[in-house]
Amino acid sequence: MTLTPDASVSGVGAVAANLTQARHAIEREFGPTTVLQEIGPRDVGYAPNAHDAALDRAGTHDYQRWLSHVHAAAACSHPVRLIGSVSTVDATTGEITATRATADMPDGVIYKACGNRRKAVCPACAEVYRADAYQLVLAGLRGGKGIPETVSTHPAVFLTATAPSFGTVHTRRTSKTGQPLPCRPRRKPQRCPHGIDIRCNYTHDETDPALGTPFCLDCYDHEHQVVWNSQVGELFRRTRIKLNRIIERHAKAHGDKGRVRVSYGKTAEMQRRGIIHFHAILRFDGIDPDHPDEILPPPAWATVFVLAHAIREAFDGTGFTTPAHKMNPAGWDITWGDQIDIRPVHLRGNDPINNQRILAEASATGRPQSLSTEAVAGYLAKYATKSTEDTGHISRRITAETIDLYNNPATHTGRLVAAAWKLGADPDPEYRRLRRWAHTLGYGGHFFTKSQRYTTTFGRLRKARVDWTRHRAADDDPLSVETTITITELTYEGAGWRTTGDALLANTAAAKAREHRRIAAQEIASFVS
């Protein structure tokens, strides 16, 4: 990718050379005091002539047409470039009414946002993903998006499931009142077998880089941790099966066999020590055997109290041992950690006696009595856009050519990467996949998952957004778009903006549009209030 536009991109040379006219074009679009936005971390990197390239682009005769053309992907750090044709077909007759080739469009391509969910890779696309995840979780708690509003009365809990300890690490401790406490205070030195003093009288703040790092790298069981990361999805699956059996046992005792289920939505959080935690919403639903896809209120006995105790029983009693490995013939034990936190989200409004019992238990344990649906949805959506960023390790998929760049034995994450790569040399598929996921420290699962009937899907939200955009773009009759079908014949041409100047202009346009929408929303809100 070049840093300056070629002749086909720049347009008429005489116009492009007029920098004064180009600057005026930028000022008309963005304002005289605009500071061009920085491009994303996966782009070509900022260059001294990026602003000159932006001025060259702004001085072309079709600049406004180009800016309108890239609008859909303007905020993306690394958009996908597609070439081919787009045809419009009459839905009733099957006749092709219009065809456009990308060769006739600005730059000869269609720009499509990359859609990456990771904020560290593409902040704009990650924000769209986060907003979608928020709506998914929220719909499962209060209804909407095709989910009945009666789910707001279903008992639900917020679960945090943690991993066991694989070694002593620096941590941030707080008292019951929220006051920060020293990390690992000891009066006398306490040394590990390698001679390292494993006491720490320092009170860490939330930004301390020491958080999550082991006191002794040699004592820490890095191999067990990456294996646990790779198997935690299977551990959750087995736990869910056991939970369903426990719930079915309760249902049978109340004469409701086959009429109750637990739906869930969960996110995976990569802790600073490089281990996965799960945060999940679990909700009681009723089942109509004749219409199993319907989401119905559960029976009266299915309360938050029953759900919480069933979850704890399932998590406390689930575990397994991995197949033998040449480095550990006995395999590794895969179990949950001791800290399983369960907090109510929905209390049953028509069961005051049970609600009082739940609130009394919550008060006795010092936990919040209940969490708001919005807070839970925001919490889960936040982690849906992250991966290994909090550990300080960010990389693409690691290969034999790049492994030496990351398996640093002097760092905690470096040893985790090295452990995943070393264990992944085993021919057993259970371990061979560790090399594929060495860049995520062994974890190869999705960072946001849900059961089938918990809520709507990402696909439906994306389709609704596309349909809204098409209707908005209709010039005369918005309903006319429903009588046509769009057929695309597009192939991959490349990724990224053609120049850093294009990236600066596109990202700045997107930033201005976001600011305009924010101000408009504030004005509407103040007018309504």
Side-chain angles (χ1 to χ4, degrees), residues 132-159 236-237 239-267 279-315 342-359 370-377 380-381 448-461 463-464:
D132 284 351
Y134 176 82
Q135 294 298 331
L136 287 181
V137 176
L138 199 60
L141 290 173
R142 70 181 187 188
K145 311 295 181 183
I147 305 300
E149 294 183 359
T150 53
V151 297
S152 63
T153 65
H154 294 203
V157 299
F158 178 66
L159 164 74
F236 184 83
R237 186 188 71 85
T239 306
R240 188 162 50 87
I241 291 174
K242 184 169 184 177
L243 174 62
N244 290 335
R245 290 173 179 169
I246 296 171
I247 295 300
E248 189 63 13
R249 186 182 68 207
H250 283 279
K252 184 177 179 180
H254 288 85
D256 289 320
K257 183 178 180 180
R259 294 182 177 274
V260 182
R261 63 170 164 247
V262 176
S263 300
Y264 73 90
K266 70 175 176 68
T267 58
H279 304 283
I281 289 292
L282 295 101
R283 184 189 71 206
F284 256 142
D285 291 339
I287 302 175
D288 182 351
D290 297 327
H291 303 89
D293 290 334
E294 291 187 8
I295 302 175
L296 303 176
W301 60 264
T303 63
V304 169
F305 183 80
V306 173
L307 180 58
H309 279 267
I311 292 172
R312 186 164 294 281
E313 181 182 348
F315 274 80
I342 305 171
R343 305 186 186 185
V345 178
H346 285 166
L347 302 179
R348 185 180 291 279
N350 59 358
D351 192 355
I353 296 178
N354 185 70
N355 287 352
Q356 290 177 4
R357 179 172 54 178
I358 296 168
L359 295 178
S370 184
L371 299 174
S372 70
T373 56
E374 291 79 6
V376 170
L380 266 65
F448 181 87
T449 56
K450 66 179 187 65
S451 60
Q452 182 180 0
R453 296 177 182 87
Y454 171 73
T455 186
T456 186
T457 65
F458 280 106
R460 289 175 183 171
L461 292 183
K463 184 179 184 302

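This is a predicted model, so every value here is computed, not measured. As a basis for the values below, the full set of heavy atoms in this structure was taken, side chains included, without hydrogen atoms, waters or symmetry mates.
- Within a 6.0 Å sphere centred on CZ of Arg249, other residues, nucleotides and ligands contribute more than 12 heavy atoms.
- Residues satisfying the salt bridge (charged side-chain N to carboxylate O under 4.0 Å, His left out) test with Arg237, not counting sequence neighbours, are Glu234.
- At least one donor-acceptor pair under 3.5 Å links the side chain of Thr455 to the backbone N or O of Leu136.
- Interatomic distance, Asn244 CG to Ser451 OG, rounded to the nearest 0.5 Å: 9.5 Å.
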For this session: Evaluate the side chain to side chain contact (heavy atoms under 4.5 Å, CB included) criterion for residues Thr239 and Leu243: first the C-alpha distance (whole Å), next the side-chain angles of each, then the deciding distance (0.1 Å), finally the verdict.
Result: CA-CA 6 Å; Thr239 306; Leu243 174 62; 5.5 Å; no
Please set out all donor-acceptor pairs under 3.5 angstrom arising from side-chain atoms of residues 288-299, sequence neighbours excluded.
from   : atom 1 : to     : atom 2 : distance (Å)
Asp288 : OD1    : Asp290 : N      : 3.1
Asp288 : OD2    : His291 : ND1    : 3.3
Asp293 : OD1    : Arg453 : NE     : 3.4
Asp293 : OD1    : Arg453 : NH2    : 2.8

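- Applying the salt bridge (charged side-chain N to carboxylate O under 4.0 Å, His left out) criterion to Asp256, with sequence neighbours excluded, gives no partner residue.
- Taking CZ of Phe458 as the reference point, atom CD of Gln135 lies at 11.0 Å (rounded to 0.5 Å).
- One finds the CD1 atom of Ile147 at 12.0 Å from the CG atom of Leu138 (value rounded to the nearest 0.5 Å).
- By the side chain to side chain donor-acceptor pair (under 3.5 Å) test, Thr449 is found to be paired with Lys266, residues two or more places apart in sequence or in another chain being considered.
- The shortest side-chain heavy-atom distance between Leu159 and Tyr264 does not fall under the 4.5 Å cut-off.
- Rounded to the nearest 0.5 angstrom, Asp132 CG and Thr456 OG1 are separated by 10.0 Å.
- Among pairs with a residue in residues 242-263, those fulfilling ring pair (Phe, Tyr, Trp, His ring centres under 6.0 Å) read His254-Trp301, at least two apart in sequence or across chains.
- Between Glu374 and Arg142 a salt bridge is recorded (basic side-chain N to carboxylate O distance below 4.0 Å).
- For Lys145, the NZ atom counts as loosely surrounded, since its 6.0 Å shell holds 12 or fewer non-hydrogen atoms of other residues, nucleotides or ligands.
- A 4.5 Å side-chain heavy-atom check between Val306 and Thr303 finds at least one atom pair inside the cut-off.
- Between the side chain of Arg283 and the backbone N or O of Val151 there is no donor-acceptor pair closer than 3.5 Å.
- Contact of the Phe158 side chain with the Ile342 side chain is not registered, since no non-hydrogen atoms from C-beta on lie closer than 4.5 Å.
- The shortest distance between side-chain heavy atoms of Val262 and Phe284 falls below 4.5 Å.
- Asp285 and Ser263 get closest at one heavy-atom pair: OD2-OG, 2.7 Å.
- Atom OH of Tyr454 is separated from atom CG of Leu282 by 9.0 Å, given to the nearest 0.5 angstrom.
- A heavy-atom distance below 4.5 Å is found between the side chains of Leu307 and Ile311.
- Listed for the Glu248 side chain is a donor-acceptor partner under 3.5 Å among the backbone atoms of Gly258.
- In this structure, Tyr134 has no ring-ring contact (aromatic ring centres under 6.0 Å, His included) partners at least two apart in sequence or on a different chain.
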